[in-house]
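Each remark here refers to the structure printed beneath this line.
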2 protein chains.
Amino acid sequence: MSTTESTARRATIKEVAEAAGVSRSTASRALSGTGYVAENVRARVRAAAKELGYVVDATARSLKQQSSRLVGVVVSDLRNAFYSAFAAGAAHACRTAGYTMVLLDDRGHTEDETAAAETFVALRVAGVVGTPVSASLSAFLARHRVPVVEADRRFAEDSVSAVVVDNRAAARSTTEHLLALGHRRIALLLDETDWTTGRDRAAGYADALRAAGLPEDPSLKVPTGWDAEAARAAAVSLLQRPDRPTALFAGNNLLAEGAWRAAADLGLSIPDDVSLVAFDDAPWMSMVTPGVTAVRQDPEAIGRAAVTTLVAELAGEQRGPSTVVVPTTMIHRGSTARPTQPA
Amino acid sequence: MSTTESTARRATIKEVAEAAGVSRSTASRALSGTGYVAENVRARVRAAAKELGYVVDATARSLKQQSSRLVGVVVSDLRNAFYSAFAAGAAHACRTAGYTMVLLDDRGHTEDETAAAETFVALRVAGVVGTPVSASLSAFLARHRVPVVEADRRFAEDSVSAVVVDNRAAARSTTEHLLALGHRRIALLLDETDWTTGRDRAAGYADALRAAGLPEDPSLKVPTGWDAEAARAAAVSLLQRPDRPTALFAGNNLLAEGAWRAAADLGLSIPDDVSLVAFDDAPWMSMVTPGVTAVRQDPEAIGRAAVTTLVAELAGEQRGPSTVVVPTTMIHRGSTARPTQPA
DNA sequence: CTACGATGTGGGAACGATGTCACAGCAGTG
DNA sequence: CACTGCTGTGACATCGTTCCCACATCGTAG
């Protein structure tokens, strides 16, 4: 029961040192493994530490070392599968690299993002990775000399490293897939076009249309809200137009969910009445009938890569900012087909 | 540009004090709001802090105060929607209460859980909430005087607070629903029966059968693996038996996914060939046709309640350990019907 | 035999914030 | 005019750890 000893206060390194009959300095060296310590002394100190249930005080260590073994992670919405998988990947990479993750959810709000950045600075985190909502994340952290890696989208394009996917190329080939099937009226659902993600996806869509010699119909670029319900409403009104599109390209998994529900609401059959393709894969897309054709990004890999990049920078293995592009794959399921009455 | 000042080192409270022409003590009081400070002095200190971009050093504060404003959260698998929603709820409640969440994913491994507990102790977190994997989480933390709230399942039933759902009652009424439809061969898929969750769900299932005067057929209580793929395999072999069950009761969302895929693999129609009901709701269950009837637990509410309970304990508003039971609701969709050939 | 590097140990000063304590000024009261 | 009580401020010790430095011992090369 020795290790279950429950003293009133927590054991400090001083007590460990006394129990082992050495000085604090020696105990510190023995436990941290830096500097000279005789092997038998090290063993004695280790035993004493175990006996007393000693756990290092990270706050004292961080204060002395002027940096913690913490990595800050900010995401926009943990309930969204994309972000939770990202966080899972980041968590795993942190653990592998010996860091502890501090996860904050900014709900997509700039104010929450700013508060998160301040929290990270206060905690003296070693670095931060996140899916930024504004340019202020990187700006604020840079001012405080905290390394940042932007993931999924970029705001500080040339000052910090980033891990992204090639949104433009993926959106282009997705659109080309629909064009090849014969679709001419292809609607693009996007929640925003201010970030690199939305902007690049819109650009890829436009690239494909242009290459096919088709004019871009602005009424087919539909701005939706941020959640599935808003997307459903937008898709319903889109699909009720007399000249309704023959295919929908949903900008992310939530918008795809909205589009799917909209089609169900209106009694439209996928892919017979309308084709659907999604940017961003989600578990439900392989469970419904037909399955939803989607551009799969691997958010877990993005999270892992973001932390790995950060850790490399912390280790000084990196010169300037770098950009990692995580590959995407198109998963063909059954939700796309030739349009029944081609335009 | 004053606040964008980027000095080589971070500003300390001493520098703020000097800039404002007061002592460190006064600056500390002015910023933290405790003790007497003249209003004009407070304003001057605030201005100086802003000017210098001062952010308090949480490591120094925690060291001095012997406790941090951190709450540790452990979950078993962030990629699982149940846990990510739980984490989202916990994150939100932490933020509301002025705490910062440190989130660790133990992948369901006891060793990782122990490591997480040690990390929390090292960080001097104010308290911990989590979905425990073993009794050692609470035991270790109790030894170090760190308050814990167990969520979803319990290991330290009478020593720490918990936030759970009434698994037994919910499983019983779910089973009763199937019995009322005329099902007599109802299979129960569970990944474990060692924790309170699996044990209580099995007990509720047994309660219902007993009340209906039906014998319990052990071969219908199917142990699956931990993931959807293992559940699919188990369900496939179950549904291939000559005396196959007319209804499946899946113990959680992953097992329901496996069961759904198994039915699809075998070309069995739900609910015509087999009824399906799930413990634990998930987004896909309302997107597939037919929708999956499910017991909805609100994991976000569980996360919120767990943190709220913990914070109440930290504030000393609580006598002994308490138990919060978060209500569940049964969502009827289309996956259950009368059996075609009743036993 | 001395000088020197390698090994091993301990003393003491930080790291940055907080909070106790002493003390000063000032108003109101007996 | 003493006194009490309130407001306001600063000096200083403290939290637990690390790490720089001084010092001791030992083996070996010159």
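Atoms considered below: every heavy atom in the structure, side chains included; atoms not considered: hydrogens, waters and symmetry mates. Just so it is clear: chains get the letters A, B, ... in the order the sequence lines come, proteins before strands, and each one is counted from 1. Please read all numbers here as calculations on a predicted model, not as lab measurements.
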Atom pair CZ (A/R153) and OG1 (A/T131), whose distance is rounded to the nearest 0.5 Å: 4.0 Å

Nearest heavy atom decides the nucleotide; on that basis, is A/G21 or B/R24 closer to the 5' end of DNA chain C? A/G21

Separation of D/dA11 atom P from B/K14 atom NZ, nearest Å, is 12 Å

Can you identify which nucleotide, out of D/dT17, D/dC15, D/dT9, has its nearest atom closest to the B/V41 side chain? D/dT9

Tell me, with the steps shown, if B/T26 and B/S23 meet side-chain hydrogen bond (donor to acceptor under 3.5 Å, both in side chains). CA-CA 5 Å; B/T26 304; B/S23 72; 3.2 Å; yes

Provide the closest heavy-atom pair for A/S136 versus A/E113 in the form atom of the first, atom of the second, distance. OG-OE1, 4.0 Å

Nucleotide of D/dC12, D/dT17, D/dC15 approaching A/I13 most closely (side-chain heavy atoms): D/dT17

Using distance alone, with no hydrogens and no angle criterion, decide if A/E313 and A/S161 have a side-chain donor and acceptor under 3.5 Å apart. yes

Relative to the ring of A/F155, is the ring of A/W195 parallel (under 30°), tilted (30 to 60°) or perpendicular (over 60°)? perpendicular

Tell me which nucleotide among D/dT7, D/dT18, D/dG10 gets nearest to the side chain of A/V56. D/dT18

How long is the line joining CD of A/Q66 and P of D/dT17, in whole Å? 17 Å

Between D/dG10 and B/T26, is there an OP1 or OP2 to side-chain N/O distance shorter than 4.0 Å? yes

Distance in angstrom units between B/N40 CG and D/dT7 P, rounded: 16 Å

Measure CG/A/D57 against P/D/dT18 and give the value in whole Å, please. 9 Å

Taking heavy atoms of chain A and a 4.0 Å limit, find me the 5'-most and 3'-most nucleotide of DNA chain C within that range. C/dT7 to C/dG16

Are B/Y36 and D/dT7 close enough that a side-chain N or O sits under 4.0 Å from OP1 or OP2? yes

Could you give the CZ-to-C1' distance, from B/R44 to D/dG8, as a whole number of Å? 12 Å

When you match A/T12 and B/K64 each to their closest nucleotide on DNA chain D, which lands nearer the 5' end? B/K64

Taking CZ from A/R10 and C1' from D/dC15, how many angstroms apart are they, rounded to a whole number? 12 Å

Between D/dT9 (P) and B/L31 (CG): distance, integer Å: 13 Å

Of the listed D/dT17, D/dT9, D/dA13, the closest approach to the B/A38 side chain comes from D/dT9

Which heavy atom of A/W226 sits nearest to which heavy atom of A/E192, and what is that distance? CH2-CG, 3.7 Å

Within this structure, what is the CZ-CG distance for the pair A/F86 and A/D298, rounded to the nearest 0.5 Å? 12.0 Å

Which residue, A/A58 or B/S25, contacts DNA chain D at a nucleotide closer to its 5' end, judged by nearest heavy atom? B/S25

For the pair made of CZ in A/R69 and P in D/dT17, what is the distance, rounded to whole Å? 18 Å

